[in-house]
Each structure stands twice: as C-alpha cells, then as structure tokens.
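Presented below is the structure to which this report refers.
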2 protein chains.
Amino acid sequence: MIEADILCLSPIFRGISSTELEKLFSQIHYQHRTYQKNNLIIASGEICDRLLIIQRGNVKAEMNDYSGKTIKIEDIEAPRPLATAFLFGKENRFPVTVSANTEVEIVSIPKAEFVKLLQMNSLILNNYLNTISTRAQFLSKRLKFLSFKTIKQKIAHYLLEMAGDRLQTVEIQQSQEQLAEMFGVTRPSLARTLSEMNHEGLIETQRRFIKIVDKNRMNQLLKSDEK
Amino acid sequence: MIEADILCLSPIFRGISSTELEKLFSQIHYQHRTYQKNNLIIASGEICDRLLIIQRGNVKAEMNDYSGKTIKIEDIEAPRPLATAFLFGKENRFPVTVSANTEVEIVSIPKAEFVKLLQMNSLILNNYLNTISTRAQFLSKRLKFLSFKTIKQKIAHYLLEMAGDRLQTVEIQQSQEQLAEMFGVTRPSLARTLSEMNHEGLIETQRRFIKIVDKNRMNQLLKSDEK
DNA sequence: ACTTGTTTGTAACATTTGATACAAATCTAC
DNA sequence: GTAGATTTGTATCAAATGTTACAAACAAGT
C-alpha cells in the first residue's frame with residue numbers, strides 16, 4: 001500500500017493533501033515493491049518507462065565509467081522520485097545504476113498512468129513541469145558559467161551576479177576552497193587571480209569581502225569573448 | 001484567428017489534426033498579435049507567463065552581455081514556440097530580447113490556459129514534456145562533455161561515444177575547425193592532440209577517418225579524473 | 001593538368017593554469 | 001591569551017593550451 005502522508009511530501013506531490021492523494025492513486029494502476037539492502041533496483045541502460053518514488057529508506061545512484069569501474073553519484077532518500085529526468089524526452093535509458101542502501105519501499109507508476117495523474121490534477125502537473133524546468137534552467141546556468149574561459153572572467157561574472165545592480169561589496173559565503181571547486185579550478189589559482197585583479201585595480205579584496213572598484217572594466221572582461 | 005494547419009506543425013502540437021486543434025483552441029482563451037518588422041516582441045527581463053507560438057514570419061533572439069552590447073543568439077521561425085524553457089520552473093524571466101525579423105504573427109497563450117490544454121489532450125502533454133526533457137538531457141550531456149578537462153579526454157570521450165560497442169573506425173562528419181569549436185578549444189590544439197594520440201599508439205588518424213587502436217587505454221584516460 | 005580556395009599538419013613561442021610547498025593570517029576551543 | 005587547526009596569500013616550476021604562422025594535402029572547377 002502507498003503511504004499518502006509520506007508521498008505528499010515528495011516534490012511532485014507537494015501541496016496535495018494525503019486524503020486527496022489516496023483518492024488519486026485509487027484511480028490509477030501502480031505497483032509497490034520492496035527491496036532488501038544492497039539489492040539492485042535499476043540497472044544502468046535499463047529503459048525508463050515508469051516513475052519511481054522512494055516511500056521508505058534510501059538508495060544510492062552509481063555510474064559506470066568507461067573502464068567499468070563504478071563511481072557513486074548521489075544518495076537519494078524518501079520521499080524523493082527517481083526517474084524524473086529520463087521518463088520523457090529522447091533519452092529513455094538510465095545512465096546510472098541504483099541500489100538499495102537500506103531496506104527500501106518503492107512506488108512504481110507506469111508512464112501512461114503517471115500521465116493520467118498529470119491530467120487529473122493540475123497541481124501535480126505544475127509540480128512536475130516545475131521540477132524538470134528548474135533542472136533545465138540550472139543546467140543552462142551552469143553551462144553558461146563554464147563557457148567563460150579564464151578564471152578572471154569567471155570571477156567577474158560571479159561577482160557581478162552577486163552584486164546585482166546596487167551593491168558594491170560582496171561577501172563570499174563559502175571558503176575560497178569551495179569557491180574554487182565551483183569554478184572548476186584549483187584554490188591557489190583562484191587566489192592568484194584574485195590578487196592579480198586586486199593589483200590591476202579591478203577589485204579590492206579583504207579576506208571574504210570583495211569590493212568591485214571598476215565595474216566597467218569588469219564588464220569588458222566578459223564582453224571580450226565575443227570576438 | 002489561429003491557423004490550425006500551421007500550428008499543428010509546431011513541435012508542441014505535432015500529431016494533432018488541424019480540426020482537432022481548432023476545437024481545442026475554441027475551449028481556451030488566447031490572444032493573437034501582429035508585430036511589424038523590427039518591432040520588439042519580448043524585452044529581456046520580462047516575466048514569462050504565457051506561451052508564445054510564431055504563426056507566421058520569423059524572429060531573432062538577442063542577449064545583452066554585461067556591457068550592454070547585444071549578441072544575436074538565434075533565429076526562430078514559424079511554427080516554433082518561444083518560451084518553452086521559462087514558462088515553468090524558478091526562473092521566469094526571459095534572458096533574451098526577441099524582435100521581429102519580418103512581419104510576425106504570434107499566438108499568445110496564458111500559462112493557466114496552456115495548462116488546461118495540457119490536461120485536455122495527452123498528446124500535447126507528451127509533446128511538451130518531451131520537448132523540455134530532451135532539452136534538459138541535451139544540456140546534461142553537454143555539461144558532462146565539458147567536465148572532461150584535457151583535450152585528450154574530450155577526444156577519447158567523443159570517439160568512444162561515436163564508435164559505440166562495435167565500430168573501430170570513426171568518420172568525422174564535421175571539419176576539424178567545427179569539431180574544435182564544439183570542444184571549446186582552438187583548431188591547432190585539437191590537431192596537435194590528435195597527432196600526439198597517434199604517436200602514442202592510441203589511435204590512427206587519416207584525415208577524417210580515425211581508427212581506435214587501443215580502446216583500453218582510451219578508457220583509462222577518462223577514468224583518471226576520478227582521483 | 002592547373003589554379004584557387006579550403007582543410008589539415010606542424011612548429012615556435014606566449015599565456016594560463018595546475019601542482020606543490022610554505023608562510024602569514026585568522027579562527028576556535030580551552 | 002595560547003595552541004592547534006583552518007583559511008588565505010604567495011612563490012616556483014611544470015604542464016596544457018592558445019596564438020600565430022606557414023607549408024602540405026586535398027577538393028573543385030575550368
């Protein structure tokens with residue numbers, strides 16, 4: 001049986017009352033499966049034709065790299081869904097292997113039945129559309145960020161974004177180490193570039209506080225890759 | 001008035017007959033707007049709360065870089081939709097400016113009305129879900145590709161992907177120039193790396209034909225960034 | 001076969017970034 | 001305040017890539 005009071009906390013069913021969710025589930029076909037610890041739930045390459053929602057326990061997603069070795073991607077726990085990115089679209093195979101970290105209960109909704117659900121309830125439809133759209137927007141942003149070639153450009157982009165229109169001084173929340181990882185560069189390289197920009201009069205750094213001195217030239221740094 | 005026989009060629013209405021589409025449109029509210037050549041259709045930063053579909057003519061999307069200069073992103077022509085990526089999700093503002101290349105007719109469907117449409121017709125729902133999912137999958141793939149640091153890794157990844165399980169020899173469709181652009185590197189750098197891999201016995205290059213000689217070592221190249 | 005334009009291979013040098021190491025500054029717990 | 005841990009600033013050297021330039025190979029039309 002499904003436990004509606006748990007599932008309604010899932011991003012996809014957010015805002016639905018548990019009684020209403022039960023009613024909705026009574027109108028569709030779905031399966032309920034239990035997996036023992038360490039059991040395989042999804043094999044990499046398997047076709048994704050149903051939505052899986054973890055009702056209890058947590059699972060790990062691993063990816064096979066080219067040499068066959070597996071790398072852990074992430075842990076996913078109840079009540080999160082499993083297949084949102086591959087249920088629709090051209091790529092319908094799981095790129096990852098999913099297995100149970102603990103004893104796990106999973107609710108499995110065939111694609112066609114899930115579509116019914118989307119049509120029956122506009123809140124679920126909105127939730128689902130928001131989920132995958134937000135993901136696409138995140139990826140797009142990340143891609144744009146990576147499109148800046150030099151560290152200087154990445155810093156400029158980051159600072160200008162953080163500062164917005166009015167602020168002059170930005171306080172970095174993370175450590176330089178974390179910032180460097182987000183930028184995909186090494187920590188000393190980031191520090192060196194910050195120091196250079198400081199000497200060039202673009203910014204003034206003081207530990208975690210960075211003041212944007214010459215906004216115009218910062219902008220031009222980003223402009224220069226249009227050539 | 002909408003011209004159903006044109007709109008049903010749009011990715012979102014694919015597979016719907018024009019008579020059925022007319023019937024569906026008769027059940028929702030929408031607007032029909034005409035823009036003269038060079039007129040502004042969407043200002044960057046504007047909130048996206050409706051789906052726009054070009055019924056006639058074509059438009060250009062431009063992005064303001066930080067220094068205020070505009071860069072042309074793409075041309076979009078009838079009968080393609082305009083706002084699929086920003087209608088849902090957290091980021092509901094257009095990052096681009098859209099203006100008319102020719103005289104343009106646009107059908108504008110408020111978000112809430114479009115949701116009705118999705119609920120009334122499962123084909124449209126599937127089309128739309130496929131559109132945004134495919135986009136997310138494309139972005140994800142691109143991001144993975146860019147996550148490979150060295151040119152050698154990018155080449156290895158590309159070749160192994162192209163070759164699949166059986167092929168040994170890959171024929172490059174694009175020119176080296178285009179390939180380099182896709183990789184985000186310069187053409188001479190790409191050529192140099194190909195040449196290096198040739199000398200190392202990983203591949204054998206012959207103009208546009210590349211033979212994978214040592215698949216194992218190619219795989220290990222990709223594995224090495226897990227450290 | 002010849003000319004012309006395009007694509008590819010290669011070289012020399014400059015620039016950027018990574019790797020490593022270490023000192024200085026800051027923070028934290030006691 | 002002090003000791004120890006963490007974070008930040010900086011230097012040196014190596015590796016990867018960009019830049020520029022040019023020659024060789026190829027493609028297409030005449």
Side-chain angles (χ1 to χ4, degrees), chain A residues 145-159 162 169-211 213 217-218 220-227, chain B residues 145-159 162 169-211 213 217-218 220-227:
Chain A
F145 185 75
L146 286 181
S147 77
F148 292 114
K149 290 282 169 60
T150 67
I151 298 182
K152 214 178 259 184
Q153 285 183 328
K154 289 179 187 181
I155 294 174
H157 174 73
Y158 177 78
L159 290 179
M162 288 288 283
T169 303
V170 172
E171 183 182 0
I172 309 296
Q173 299 298 342
Q174 313 131 299
S175 73
Q176 244 183 44
E177 179 78 48
Q178 293 170 301
L179 202 59
E181 194 189 332
M182 195 180 106
F183 282 23
V185 302
T186 60
R187 206 266 315 160
S189 292
L190 178 63
R192 169 175 43 198
T193 308
L194 280 172
S195 167
E196 276 171 21
M197 292 173 81
N198 196 349
H199 287 308
E200 289 169 16
L202 287 167
I203 59 179
E204 275 169 26
T205 61
Q206 203 162 27
R207 279 322 245 196
R208 298 217 166 175
F209 292 88
I210 302 178
K211 182 177 168 189
V213 177
R217 269 201 292 156
M218 295 274 277
Q220 282 182 2
L221 279 181
L222 299 178
K223 174 181 147 192
S224 63
D225 68 349
E226 47 171 83
K227 68 159 178 185
Chain B
F145 184 75
L146 287 181
S147 77
F148 291 113
K149 291 279 169 62
T150 68
I151 299 183
K152 215 178 257 185
Q153 285 183 327
K154 289 179 186 178
I155 295 174
H157 174 73
Y158 177 78
L159 290 179
M162 289 289 282
T169 303
V170 172
E171 183 183 358
I172 309 296
Q173 298 297 342
Q174 313 133 299
S175 73
Q176 243 181 45
E177 181 77 48
Q178 293 169 301
L179 203 61
E181 195 189 333
M182 196 179 105
F183 283 22
V185 301
T186 60
R187 207 266 316 159
S189 293
L190 178 64
R192 170 175 42 200
T193 308
L194 281 172
S195 167
E196 276 172 22
M197 293 174 81
N198 196 352
H199 287 308
E200 288 169 16
L202 286 168
I203 59 179
E204 275 170 24
T205 61
Q206 204 163 30
R207 274 333 237 192
R208 298 218 165 172
F209 293 88
I210 301 179
K211 183 178 167 189
V213 178
R217 269 201 293 154
M218 294 273 277
Q220 282 181 4
L221 279 180
L222 299 178
K223 175 181 147 191
S224 63
D225 67 348
E226 45 172 84
K227 68 160 179 183

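Excluded from the calculations below are hydrogen atoms, water molecules and symmetry mates; all remaining heavy atoms, backbone and side chain alike, are included. First the proteins, then the strands, lettered A, B, ... as listed; each starts at 1.
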Winner on side-chain proximity to B:Arg192, out of C:dC13, C:dT8, C:dA19, is C:dC13
A:Ala191 has its side chain closest, among C:dA19, C:dC13, D:dT10, to D:dT10
Using whole Å, report how far CD of B:Glu196 lies from P of D:dG18.
12 Å
Among the nucleotides C:dA25, D:dT17, C:dT17, which one has an atom lying closest to any side-chain atom of B:Ile151?
D:dT17
Round to a whole Å and report the spacing from CD of B:Gln176 to C1' of C:dT10.
11 Å
Nearest to the side chain of B:Ser195, which nucleotide is it out of C:dT10, C:dT17, D:dT19?
C:dT10
Scan A:Thr193 against the nucleic acid and name what it touches under 4.0 Å (heavy atoms): base, sugar-phosphate only, or nothing.
nothing
Rounded to the nearest Å, what distance is computed from the NZ atom of residue A:Lys154 to the P atom of nucleotide C:dT16?
14 Å
Could you state the atom-to-atom distance from CZ of A:Phe209 to P of D:dT7 in whole Å?
17 Å
Report which part of the nucleic acid B:Thr186 touches: base, sugar-phosphate, or nothing (heavy-atom distance under 4.0 Å, all strands).
base
In whole angstrom, what separates B:Leu194's CG from C:dT7's P?
16 Å
Closest approach to the side chain of A:Arg187, judged atom by atom: which nucleotide of D:dT8, C:dT7, C:dG18 is it?
D:dT8
A:Ser189 side-chain N/O to C:dG18 phosphate OP1/OP2 under 4.0 Å:
yes
If you count the non-hydrogen atoms of other residues, nucleotides and ligands that lie under 6.0 Å from NZ in B:Lys211, is the total more than 12?
no
Test B:Tyr158 against B:Phe145 for ring-ring contact (aromatic ring centres under 6.0 Å, His included), laying out the working first.
CA-CA 8 Å; B:Tyr158 177 78; B:Phe145 184 75; 7.1 Å; no
By nearest atom, which of the nucleotides C:dT26, C:dG18, D:dA25 is closest to the B:Arg207 side chain?
D:dA25
Can you check the B:Glu177 CD to C:dG9 C1' distance for me, whole Å?
14 Å
For B:Glu196, does the CD atom sit with more than 12 other heavy atoms under 6.0 Å from it, leaving out its own atoms?
yes
Strictly by modelled atom types, are A:Ser189 and A:Arg192 linked by a side-chain donor-acceptor pair under 3.5 Å?
yes
Atom NZ of A:Lys149 and atom C1' of D:dT19 are separated, to the nearest Å, by 13 Å
Calculate the interatomic distance between B:Gln174 atom CD and C:dT8 atom C1'; express it in whole Å.
15 Å
Minimum-distance nucleotide (side-chain atoms of A:Pro188 versus C:dA21, C:dT26, D:dT17)
C:dA21
Calculate, to the nearest 0.5 Å, the distance between atoms CE and OG1 belonging to A:Met162 and A:Thr169 respectively.
12.0 Å
